[in-house]
Amino acid sequence: MQNVPLEYYLALSATLFVIGAIGVLTRRNAIIIFMCIEMMLNAVNLTLVAFSSFLGSISGQIFVFFVMTVAAAEAAVGLAIILALFRNKQTIDVNDINVMKW
Amino acid sequence: MRPNLFYGLPVDLFYGLPIVLMTFVCLAAIVVSALLRNNSKVVFVFSCVGLVAVIGAACLLFPNGTAFQGMISVGVYSSFFDILFCSAALLVMIAGRSYLQRMEFEFDEFYLLILLATSGMMLMAHANHLLITFIGIEVMSVSFYVLAAYMRTKTLSVEAGLKYFLLGAFATGFLLYGMALVYGATGGAMEFGAIRSAVGREPSSLLLMAGTGLIIVGLCFKVAAFPFHSWAPDVYQGAPTVVTAFMSTAGKAAALSAFYTLMNALIPDGSPEATKIYMLLAVISAASMLFGNIVAATQTNVKRMLAYSSVAQAGYMMMGLVAGTKAGMTGMMMYLASYMFTQIGALVVASIIETKYGENLEFSDYAGLSKSQPALAGLMALFMFSMVGIPPLAMFFGKYYLFTAAIDAGFTWLAVVAAVATVISAYFYLGLIVTMYFKQQNEGQAVLQTEPGLSGITLVLSASGVIMLGLLPALLVKLTTLGL
């Protein structure tokens, strides 16, 4: 079986990262923005695993576990904040979050 | 050898004592608050005692070294930051109790989250490995997201939390991607020593440059430096005032401590890219100082003014990074300590004047304060004079050390920009004093009645900190130079 070269993984994860970043900057729904951020983190995970596998170093894969754990903690806190916002304002559109000027 | 002092205790545990103790205090506080429902006084006292114990552990002044298989580093540098974070947490907790009681929003979680955030900050200052830096930043940030949105029935606070969360998680993505690229570019190095030798050994690659750039972007966001500051004014204005005091001092100090250790690993002396990166940092620092102070001068809300001025302060602090020398680092640590006392003091005064409905935060509300609340007005004036950098007060010496360090490192233009920015800042800092002392109270405005309560202790401690650091700066400088 022919191995996929490292560059392909890096290019794929860079593309995913950029798509996520564009999503954060263009979408207006807080939950979709949050999903785009999760995609950026997973793009990073892909980079780490690819490097880890090609360099024969285990620490990259361990790092990924920590990133996933932290992402889960962030998701819990983030969704709770979005929920609290919805209870106050009945909207999660970031254009409507304007008590303070952006 | 100091480890013999703790005969029988593994060296790792001894070296990691401040962190281990802090983690234990966090977890124990959670258990205490779970066992004693709705008894926030016990949790408050327990947290304060715990923080004092951690400060004591950090005062043991560990010899420089690493622990836990090179994951964390110990030494005067990290001990200094431990003491700084714990003192900030202590000051904020004491002021926070009476503030939250006035706001009718006191829950145990406030103390627990402050403790958790402090443990994250300590990990950042102790980090000797990319993973520890990352975990530290995240523990701190996630606690801050919750703290910013702490008043969950107030729209302003929840909005601040959401903005902080979305932009903070976005920045974490950049930081993490930078770490991943550095990991790949250095051939699998994550420990700072290994990264430093790998960077020095190999010619710089595109991967390494991209990784360093992304890490700088992520960290600039965490310190709220100019192009990445857009969250800071809103979050600092919307968050509960005592939380703002904690985030803008200890949070910034933690991010800068991680910034310094990371830059130390990624830019070894004499590497060809070093001058470029230092120039980039210098430009960010200059832009933050000018932008922060100019925009702060146009604000009418005291909290928002202090928020923009903290963007400028991030610029001043980064001068120490730009200098990249021991003198620069000493200046930065000195500045962080004096800024901590000054900013916490100023925001706690604002928190005492603030009403339950979030009013009384405008400049006009401070008119005639010297008559209605002479003590508060006097303290606020002291903190504002310190912010400007009037000689016998703390921040004058911080600025002095930073300016000389920048000039010695060949960044004279940066020191000139900093001096210009300081002149601009005098306009609004002194403007607040003029409002308090020389303007009449508006007609029909209710006479301010407020009880500082425990916040008074924080005010006295911060004010004495500002004066002590101003009178005896050499003491702290000697301490910081010991371990660098």
Side-chain angles (χ1 to χ4, degrees), chain A residues 6 10 13-14 17 20-21 24-25 30 33-34 36-52 54-60 62-64 66-67 69-71 73-89 92 94 96-102, chain B residues 129-132 134-135 137-139 141-146 148-149 151-191 207 210 214 230-231 233-235 237-238 301 304:
Chain A
L6 175 64
L10 293 187
S13 58
F17 189 86
V24 172
L25 296 173
I33 292 178
F34 181 54
C36 291
I37 292 171
E38 289 292 303
M39 185 151 90
M40 290 167 70
L41 294 185
N42 282 315
V44 174
N45 284 348
L46 186 60
T47 312
L48 280 168
V49 171
F51 275 133
S52 169
F54 277 83
L55 295 169
S57 140
I58 198 74
S59 46
I62 303 293
F63 205 118
V64 169
F66 280 91
V67 174
T69 316
V70 164
E74 248 177 14
V77 165
L79 292 175
I81 292 177
I82 292 174
L83 207 63
L85 183 79
F86 187 79
R87 284 196 179 141
N88 278 304
K89 297 196 70 162
I92 51 166
V94 291
D96 296 334
I97 305 175
N98 50 12
V99 174
M100 294 165 286
K101 49 199 172 214
W102 263 111
Chain B
H129 194 277
L130 288 179
L131 185 56
I132 302 293
F134 170 65
I135 293 175
I137 289 180
E138 282 307 297
V139 170
S141 300
V142 171
S143 311
F144 276 172
Y145 303 151
V146 186
M151 297 190 167
R152 63 196 162 83
T153 54
K154 296 195 176 174
T155 312
L156 207 64
S157 175
V158 177
E159 277 193 12
L162 185 74
K163 282 175 190 175
Y164 197 17
F165 165 70
L166 288 179
L167 292 171
F170 188 48
T172 302
F174 283 97
L175 183 74
L176 207 53
Y177 199 36
M179 285 180 175
L181 293 184
V182 166
Y183 167 69
T186 54
M190 281 212 176
E191 201 218 332
L207 269 187
L214 286 167
S230 57
W231 59 278
D234 287 348
V235 172
Q237 187 191 349
N301 180 302
R304 207 170 169 85

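Numbered from 1 within each chain, the chains take letters A, B, ... in sequence-line order.
With a 4.5 Å cut-off on non-hydrogen atoms, A:Leu85 touches chain B through its backbone and its side chain both. Contact annotation for A:Ile37: only side-chain heavy atoms (C-beta onward) come within less than 4.5 Å of a heavy atom of chain B. Looking at B:Leu207, the atoms closer than 4.5 Å to chain A (heavy atoms on both sides) all sit in the side chain, from C-beta outward. Within the 4.5 angstrom heavy-atom criterion, no atom of A:Ala50 approaches chain B. Contact annotation for A:Thr69: neither backbone nor side-chain heavy atoms come within less than 4.5 Å of a heavy atom of chain B. For B:Ile135, the part lying near chain A is the side chain, with the backbone staying farther off; criterion is any non-hydrogen pair under 4.5 Å. Looking at A:Ala76, neither its backbone nor its side chain comes within 4.5 Å of chain B, counting heavy atoms on both sides. With a threshold of 4.5 angstrom between heavy atoms, A:Leu83 does not approach chain B through any atom at all.
Listed by chain and number, the residues in a side-chain hydrogen bond (donor to acceptor under 3.5 Å, both in side chains) with A:Thr47 are A:Ser13 (sequence neighbours excluded). Remark: B:Phe174 pairs with A:Phe17, B:Phe170 by the ring pair (Phe, Tyr, Trp, His ring centres under 6.0 Å) rule, at least two apart or across chains.
When all heavy atoms of B:Met190 and A:Phe63 are compared, the pair lying nearest together is CE-CD1, 3.1 Å.
Across B:Ala149, B:Gly184, B:Ser157, the residue that shares the most heavy-atom pairs under 4.5 angstrom with chain A is B:Gly184.
Inter-residue side-chain proximity for B:Arg304 and B:Asp234 is flagged as met; some heavy-atom pair is nearer than 4.5 Å.
When each of A:Leu10, A:Val49, A:Leu6 is tested with A:Phe54 by the rule side-chain contact (heavy atoms from CB on, under 4.5 Å), just one qualifies, namely A:Leu6.
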**OP:** Would you sort out whether B:Tyr183 and A:Ser57 count as a side chain to side chain donor-acceptor pair (under 3.5 Å), showing the intermediate values?
**Re:** CA-CA 10 Å; B:Tyr183 167 69; A:Ser57 140; 2.7 Å; yes
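Ring geometry for A:Phe34 versus B:Phe165: interplanar angle of 30 to 60°, hence tilted.
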